[in-house]
Structure formats: structure tokens, C-alpha cells
Amino acid sequence: MPKRKFREQWLQEENFRGWLRKVDGDDYSAFCNVCKSTLVTEVSTLKRHSSSRRHTEGLARQTAAPAAQPPPRDGDDDSVTLAKIREWYTAQVSAAQRQHWLRVYLDKQIWQHCFHLT
């Protein structure tokens, strides 16, 4: 069991602010709101976690994700156009998802070209 209890001052530190919280009923554990994982309350462990790949990518997803909005429909203020639907889709789908589907599409095109599939 770790020797360091959770310190409330950690919640104000730049490295831990916004994602770290105390675990109720356990003075020796902390919780990462980004990764949804329980951590040991040792400063070195918390710092290492804050710079881990899983945590930094999760934090980037949280900060980059726009608030979900419903798709445009007929009857809204303006008429629905293809450009509006494309704009909505682009805002809802992350760059990583778009890159994945582009790779899938390009792989399909390469296979069709190489094997003369139609």
C-alpha cells in the first residue's frame, strides 16, 4: 500500500487540474476522469500517468470533440442543402475516423485496380 495520502492541493496543480479526483472512501487512491482508471497516490505515478500515451490521447479527444448536434432537417430555418449536411457530418466525425474511412476507401480502390475488380 502506498504511504502517501491523496492531497487536495494536487487538484490545483497545473499537471493534475481537470482530470484528477479523490476516490471516496480511499485516501490512498486517485481517479483519472479522462482514462476512467484508479491510480496510486504517489506523485511520480501521477506525473507518469499524465504524460502517458493513453492519457494524452484521451485528453486530446475530450478537448477536440465538439458538442454533438442533431443533423439539419427540412423545416429548420433554412432549407437543407448538401453543403449543410456535409458541414454537419464533418463537425461530428473526428479526424481519426475520417482518416480511417479514407484508408478503407483507398485500399478498396487499390484492390480494384490491382485485380481489375469492378
Distance-minimising heavy-atom pair for [X] and [Y]:
| X | Y | answer |
| --- | --- | --- |
| R21 | N33 | NE-OD1, 3.2 Å |
| T38 | F31 | OG1-CD1, 3.8 Å |
| N15 | S50 | O-CB, 4.1 Å |
| C35 | R54 | O-NH2, 2.8 Å |

Worksheet, complete the sentence: E8 meets the side-chain contact (heavy atoms from CB on, under 4.5 Å) criterion, sequence neighbours left out, with F6, L11, K22
Worksheet item: Taking only residues two or more places apart in sequence, or in another chain, which ones meet T56 in a side-chain contact (heavy atoms from CB on, under 4.5 Å)?
Response: none
Worksheet item: Got V43 and R4 here, is their nearest side-chain heavy-atom distance under 4.5 Å?
Response: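 They are in contact (side-chain heavy atoms under 4.5 Å apart), so the answer is yes.
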Supply the atom-to-atom distance [X] [atom1] to [Y] [atom2], rounded to the nearest 0.5 angstrom.
| X | Y | atom1 | atom2 | value |
| --- | --- | --- | --- | --- |
| E42 | H49 | CD | NE2 | 14.5 Å |
| T41 | K5 | OG1 | NZ | 10.0 Å |
| S29 | L39 | OG | CG | 8.5 Å |
| R7 | L20 | CZ | CG | 13.5 Å |

Worksheet item: Do other residues, nucleotides or ligands put more than 12 heavy atoms under 6.0 Å from the CZ atom of R17?
Response: yes
Practice prompt. Fit a plane to each ring of F16 and W10, take the angle between them on a 0 to 90° scale, and name the class: parallel (under 30°), tilted (30 to 60°) or perpendicular (over 60°).
Written response: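 F16 and W10: perpendicular rings.
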